[in-house]
Structures are given as structure tokens and as C-alpha cells.
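Indexing begins at 1, ligand by ligand and atom by atom, following the structure's order.
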Amino acid sequence: MVKENSKNRQDKWTIKNQVATLLSRMTLEEMIGQMTQVDQRAVEPSDVSRLSLGSVLSGGGSNPLPNTPKNWREMVLGLQEAALMTRHGIPLLYGVDAVHGHSNVVGATIFPHNIGLGATRDPDLVERVARFTAVEMSATGVYWNFAPCVAVPQDLRWGRTYEGFSENPEQVSVLGSAYVRGLQNRDHFGSPGTVLACPKHYVGDGGTRWGTTKQAEWLSNIEQAADYRYKIDQGDTQISEERLRAIHLNPYISAIKAGASSIMISFSSWNGVKLHAHKRLLTDLLKGELGFSGFLVSDWGAIDQISADYYQCVVASINAGLDMIMVPFKYQRFISTLEQAVNRGDVPIDRITDAVGRILTVKYQLGLFERRIDNEPKPEVMGSTGHRLLAREAVRKSIVLLKNDQKTIPLDRSIGNIVVAGPAADNIGLQCGGWTIEWQGGNGDITPGTTLLEAVRKTVSPGTTIYFDPHGNFPDLDRVDVGIVCIHEPPYAEGVGDRADLSLGLEEIDLIERVRPLCNRLAVIMFTGRPLIIKEQMPQAEAWIAAWLPGTEAQGITEVLFGDHTPVGKLPYTWPESMTQVPLGSFELVKKGTDNITPLFPLGFGLEAH
Ligand code: GLC
């Protein structure tokens, strides 16, 4: 809770006056401009000025080229200057998905995805991760983070499971609010190095039912935000209001208490009604009952899914309580349609002034009218040693030891020889997962970092011989003491990662079988965005480790592997024994203690090596 003190009260009074004064001077066009958010690929700075656009974003992969911190800073500053050339000089709010570090930017520190942070169960650590993320963002002039995702994933088949901290709403509330405090730096919100948080996606995005995703047939492929691969993402959450509140709403209550002043609305539906058109949940509940005084932003083109009639999309979403629309490309159409709706009386002018008042209030609270890039952290802070050390600590604390026969872990660093195998063992892209540089992530050296193999090389003694092959082929090798096999999920984001069968793929199974005969002891390390079905393969290795999607600092893994630190990670999701148990981890089931279902590992499981 941001403490009220006399300075805060004075600030609030001043801001209230400033907003009222500004609103009274703005034309309808200027107000609608503030409610419009456009992707940087679609807008010229001249339009930012001409239309008084309120916000620009970089969707996943919407990067300047070359993709450097310096170019990011110049791109954002160019658009900001255009905004300041408008009649009222209202600053632009630039938004990105810095969901595990400022992860669009080459050279940024990439932290573990939320599933790994969830395994740490450490709110102080999560707050520090968010803090450093905000510092790296501010160094590029970007002051709005579409994070934290406070989904409470209930079905591991969802491609956004790894964006969730846990299946347990209490854990999500604790870690989500810590993340908000970190981004906004508590009472220093608006100071250099702080950014606006945006808990997402309100509400129930993690509770949709498999197979309920519907594509809006009136949208062309390029306009679709849900393609044929989406089976549960953006689907329908078919539960009672009591369960919606008990499982999915609490993280927003905590995030608002932590000071969150923007919230992103979910693509999904609740019992058949699109959240983007749900006035009772957006206005009556969130703004009314919960007293949320910030502003609501739509998701990527999400209002277009409400109706085949775009006029209805605009009217329904704005009247439901949306304040800013992530268009993100056809912004002229949005602006003229909303103007038409106001002039016809289908959208009351009071709704517009309320929306713009909320947006302007947050811009003042975020210090946008005063902040100068020269006072912000310098680009050199991106990927700095201190930030990477924190990322390494987060990786270390996220590691969950699932099995450890014959006390395989910790490994002896002066071991004679060791085999390392698997495509992801020496591949930053596969180690980071989705939302890294590109929307769907990438393969290979996509950004500076330390791979698992490089971390092993830095850890073992000079006398140790390391044999590495991504495919586990070691034709001239007869026997080694220890083998490390790294299995992975290919990077994915959103519904692209919706996966009907979580069983290991043949490549992973073959890789383990190929390396097994070579080793006295074998450790399998998993770079995955969720638990996978591994029961049948478990007997093939003495040790199994869940490393999730650790980001750029794999030395956090070897610190546990070789005993510098004991593993402390605990499972943030129930680990199913088979697909018949999916969705097992639904919070209701676990809470009721369904005695007829025994998962492979329960929520909260994690061994500590001796
Ligand atoms: C995406 C995601 C959302 C993200 C937004 C902007 O579709 O649903 O999490 O913040 O678009 O990239």
C-alpha cells in the first residue's frame, strides 16, 4: 500500500488540478488521441504530433534495427519529441513487454520467466528483479511495462503457463504485487528509473477451457490475434463468479494495493462474454467495487474480436470501461470511429473525459511531464555485471531438484570427464524461451549471455575433460563418470504454445537413451515452460532438474549442480503423472485434496541436495 502522507496528499491535489485544467482545454480529437495506442512500426512521428497520440508500443519483436540500447533510446526519444510538439505537449507513454527483463533489447539482462520466479517463492528477490528491469527500461526511455502477468494458470497445456508465477492464487498475489512494487519502486514512483506496472490479463485468462478458443471469422489472417494453433489461449473461462473471484481476482486486489495504475484486459471470455466488452467486470467490479483509479488498456487488437461491426467493437469496449485501446495498426479508423460514436451519443462524452482523466493522472504520477532522459539510468546499465549477478541468483533459486539418486547432485568439479548433450545445452535462444528479442523467441546467439555448457566450462577444474554434442553423438567415447542431458521445449509465446500432449518428444527420449549407456550417472536438466510428462523416462537418469526458462545466466544452474548452493526451488505447479491428470493442477482440485489423484510431484515439491 502506498502510504498517504502530506506530500502525497499535496501531490494528489496538484495533479487533480492539473488534469482538470488540461482536460478543460482539450478538443474531442485531442482527448481521443490520448486513448489511442499504436505499434511503432505503424506510426510516423508526424502522426504522433498531428493526432496527439497518447501511447506507442513495441509489441514482441517490434525493435529498431540495429537492435541496440542506443537505437531503442533514439527511437523512443524521437517519438517523445513529436508528442511534446503538440498543442498541450502531453508526453507519450511508451510500452513494452519487459516480461523477463527488457527482453526485446539485445544486450539486456534476461531474467527467468515467471514460472522460475514462482519456484523461488521469494517476493524480495522478485521485487529486485523487477527493480533492475525498470532501470534497464528507463535507460531506453521506456516507462511502461506490460507486466507482471498475474494469470493463475490452471491448465498446463496453455502456452502462457510460464508467464504465470503459479497455479496457486496466493503465490501469484504475493509475487505479482512484489513485482509491481519493484517496477514502481514504492514511494519513489515517478522518479528516474521507475516505470508503470500493468498487471495482466484481467481477468481469468489462466482459467480458460481447452478447445474454447474461437477465431473471429470476420478478421483476416493478418488481423487475427489467435491463429489455428490457439486451442485454450484467449478461450472461455467457464466457472462461477465465486471461483473467478477466489482464483483469478485476488492477484489484482493485491496489485492495486501495491500501487498498480494500469491494468491490461484479457482476450479471453467469461462464460461466453468477451472481457473487452464486460462492463460489470471492468467498471462495476474493478473500478467500482475495487476502487481502481488507474486506466485500463486493451490487448493487441482485442476489441476487433467483439463484433464483425467495428463500430460496435469501439462502442462496446469504451462503454465497458476500456480507457486506452491498443489498436495497434489502423489507428485512423479507431479515432474516427470513436469520434463518430461520441458525436452520435453512443459513447457519452463523460466516458471520454473519465478515460482521458485517468490516463493523464497516471502520466503525471509517473512524472512524465518532468522526466528528462539525461536524469535516467545510462544505457551502459543494460546487461551490467550487477544485473546479471541478480539474474544468476534468481536462476539459482528457481532450480527444482526432482530426483537425486546416489547423491548425484552436487557433482564434483574436479571430475575427470563429463558429457554434456542436447541442443539447448549451448543455445541462449532455447534457454530464454519466448518473449526474447522476438515475440516467439529465437534460436542460437540471439543476445549476450552464458549458456549451460559455458557455465560448466567455467565451473569444472582445468583437468576435467568436457565432451559436448547437441545430439548426444559420441562415437569415440566408451564411458564417462557423469553425463548431463539438457532437454527443452522450442521457444513459443501465447497460444502458439498451446500443446495438447505434454509427453516428451521422440527427440528428447532418444537423446536420453543415446547418452545413458555412456555414463555411470546421468542428470537430466529441463529447459521447459511447464512440467512435462516424464514418468516413463525418470528411471533412466539418477538426477532430474527443472530449470524452467532461466534466461541469460546459466551459471545459476551450475552453482546448484556443482554444490556452491543447495537447491531451494519448489514446484509452482502440480506435476502430472500422465495426460489423464491434465488439467490436474486446477487450484480447486488440489485445494480439495482429491485423494483419487496422485500427481507425479505435488505443488511445492523440491528436494534439497545433501
Ligand atoms: C499480446 C499479449 C499481451 C502483450 C500485448 C502487447 O498479444 O497478449 O500480453 O502485452 O500483446 O505485446
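Sequence neighbours left out, the pairs with a member in residues 359-368 that pass side chain to side chain donor-acceptor pair (under 3.5 Å) are Gln34-Lys363.
Within a 6.0 Å sphere centred on CZ of Arg351, other residues, nucleotides and ligands contribute more than 12 heavy atoms. No more than 12 heavy atoms of other residues, nucleotides or ligands lie within 6.0 Å of CG in Asp445, so this atom counts as exposed by the packing criterion.
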Which pairs of N or O atoms, one from ligand 1 and one from the protein, are separated by less than 3.5 Å, and what is the distance for each pair?
unit_1: ligand 1; atom_1: 7 (O); unit_2: Asp299; atom_2: OD1; d: 3.4
unit_1: ligand 1; atom_1: 7 (O); unit_2: Glu494; atom_2: OE1; d: 3.2
unit_1: ligand 1; atom_1: 7 (O); unit_2: Glu494; atom_2: OE2; d: 3.1
unit_1: ligand 1; atom_1: 8 (O); unit_2: Arg160; atom_2: NH1; d: 2.8
unit_1: ligand 1; atom_1: 8 (O); unit_2: Asp299; atom_2: OD1; d: 3.3
unit_1: ligand 1; atom_1: 8 (O); unit_2: Asp299; atom_2: OD2; d: 2.7
unit_1: ligand 1; atom_1: 8 (O); unit_2: Glu494; atom_2: OE1; d: 3.4
unit_1: ligand 1; atom_1: 9 (O); unit_2: Arg160; atom_2: NH2; d: 2.8
unit_1: ligand 1; atom_1: 9 (O); unit_2: Lys200; atom_2: NZ; d: 2.8
unit_1: ligand 1; atom_1: 9 (O); unit_2: His201; atom_2: NE2; d: 2.7
unit_1: ligand 1; atom_1: 10 (O); unit_2: Asp97; atom_2: OD1; d: 2.4
unit_1: ligand 1; atom_1: 10 (O); unit_2: Lys200; atom_2: NZ; d: 3.1
unit_1: ligand 1; atom_1: 11 (O); unit_2: Asp299; atom_2: OD1; d: 3.0
unit_1: ligand 1; atom_1: 12 (O); unit_2: Asp97; atom_2: OD2; d: 2.6

Item to check | Steps toward side chain to side chain donor-acceptor pair (under 3.5 Å) verdict (His248, Thr237) | outcome: CA-CA 10 Å; His248 303 285; Thr237 304; 6.0 Å; no

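Between Asp498 and Asp233, the closest heavy-atom pair is OD2-N, 2.9 Å. Considering every non-hydrogen atom in both Asp205 and Ser268, the closest pair reads CA-OG, 3.7 Å.
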